[in-house]
Amino acid sequence: MNIIVLHGDNVSESSDRLKKFKDSAKSRGWSIVDISRDSPLSLVESLTTSSLFEKERLFIFRDFKKLSAKDFEWLNKSANKLSGNLI
């Protein structure tokens with residue numbers, strides 16, 4: 001899994017860059033999974049849930065403050081075993 005962090009003071013540029021990632025994923029036929037603040041699944045559950053049709057997936061996680069130290073540790077250990085891209 002590729003992990004991309006969009007961060008900075010310029011919210012407009014970050015939003016534009018995220019839109020470019022989403023547009024690129026759509027044009028390639030990828031699934032876009034928005035792991036929103038209201039999602040009933042945790043980050044780990046969302047990343048490990050498989051799709052029936054197994055397309056390439058782009059995961060978008062917007063609130064990094066919701067990640068615990070345990071989540072970061074899991075990502076560090078498991079990222080190379082997962083498919084898709086996480087922003």
Side-chain angles (χ1 to χ4, degrees):
M1 168 170 283
N2 296 314
I3 300 175
I4 301 164
V5 178
L6 294 178
H7 176 70
D9 293 331
N10 193 330
V11 177
S12 176
E13 282 189 31
S14 294
S15 294
D16 289 346
R17 187 66 179 137
L18 178 59
K19 184 177 179 338
K20 287 180 184 178
F21 279 116
K22 289 172 70 174
D23 290 345
S24 178
K26 285 179 187 176
S27 71
R28 295 177 184 189
W30 294 5
S31 308
I32 299 175
V33 181
D34 197 341
I35 307 167
S36 68
R37 295 177 189 118
D38 301 328
S39 176
L41 299 177
S42 70
L43 175 69
V44 174
E45 292 170 329
S46 296
L47 295 177
T48 56
T49 301
S50 61
S51 169
L52 180 62
F53 300 105
E54 286 302 317
K55 295 169 40 171
E56 185 72 28
R57 296 180 290 173
L58 174 68
F59 297 96
I60 301 171
F61 188 78
R62 297 175 190 270
D63 194 0
F64 76 93
K65 292 179 182 179
K66 284 192 155 191
L67 293 177
S68 67
K70 191 175 182 179
D71 291 330
F72 279 113
E73 186 177 312
W74 180 85
L75 266 175
N76 189 35
K77 290 179 181 177
S78 305
N80 59 350
K81 300 172 191 165
L82 299 170
S83 64
N85 298 284
L86 172 64
I87 298 179

Legend entry - By side chain to side chain contact (heavy atoms under 4.5 Å, CB included) - contacts of Asp16 (at least two apart): Ser12

Inset, instruction - Quick one: list whatever passes side chain to side chain contact (heavy atoms under 4.5 Å, CB included) with Ser14, sequence neighbours left out. - result: none

Inset, instruction - Step through the shown structure and confirm whether more than 12 heavy atoms of other residues, nucleotides or ligands are within 6.0 Å of CD on Glu13. - result: no

Legend entry - Residues that, via side-chain heavy atoms closer than 4.5 angstrom, fall in one hydrophobic cluster with Leu41: none

For the [atom1] atom of [X] and the [atom2] atom of [Y], what is their distance to the nearest 0.5 Å?
X	Y	atom1	atom2	answer
Leu86	Arg57	CG	CZ	11.5 Å
Ile87	Ile4	CD1	CD1	4.5 Å
Phe59	Asn85	CZ	CG	9.0 Å
Lys22	Ser15	NZ	OG	10.0 Å
Ser24	Trp30	OG	CH2	6.5 Å

Legend entry - Set of salt bridge (charged side-chain N to carboxylate O under 4.0 Å, His left out) partners for Asp23, sequence neighbours left out: Lys19

Inset, instruction - Mind checking salt bridge (charged side-chain N to carboxylate O under 4.0 Å, His left out) for Lys81 and listing every partner two or more places apart, or none if nothing turns up? - result: none

Inset, instruction - Decide whether Met1 and Val33 are clustered together by the hydrophobic rule: side chain heavy atoms of Ile, Leu, Val, Met, Phe, Trp, Tyr closer than 4.5 Å, transitively. - result: yes

Considering only distance and modelled atom types, tabulate donor-acceptor pairs under 3.5 Å from the side chains of residues 72-79, sequence neighbours left out.
unit_1, atom_1, unit_2, atom_2, d
Glu73, OE2, Lys77, NZ, 3.4
Trp74, NE1, Ser78, OG, 3.3
Ser78, OG, Trp74, O, 3.0

Legend entry - Check: Ile35 and Ile60 side chains under 4.5 Å, non-hydrogen atoms: no

Legend entry - Close side-chain approach of Lys26 to Ile32, heavy-atom, < 4.5 Å: yes

Inset, instruction - For side chain to side chain contact (heavy atoms under 4.5 Å, CB included), just list the numbers for Leu43 and Leu67, CA-CA rounded to whole Å, side-chain angles, deciding distance to a tenth of an Å, and then say yes or no. - result: CA-CA 8 Å; Leu43 175 69; Leu67 293 177; 3.2 Å; yes

Legend entry - Ionic contact status for Arg62 with Asp34, cut-off 4.0 Å: yes

Legend entry - Verdict with supporting geometry, Leu82 and Thr48, side chain to side chain contact (heavy atoms under 4.5 Å, CB included): CA-CA 8 Å; Leu82 299 170; Thr48 56; 4.2 Å; yes

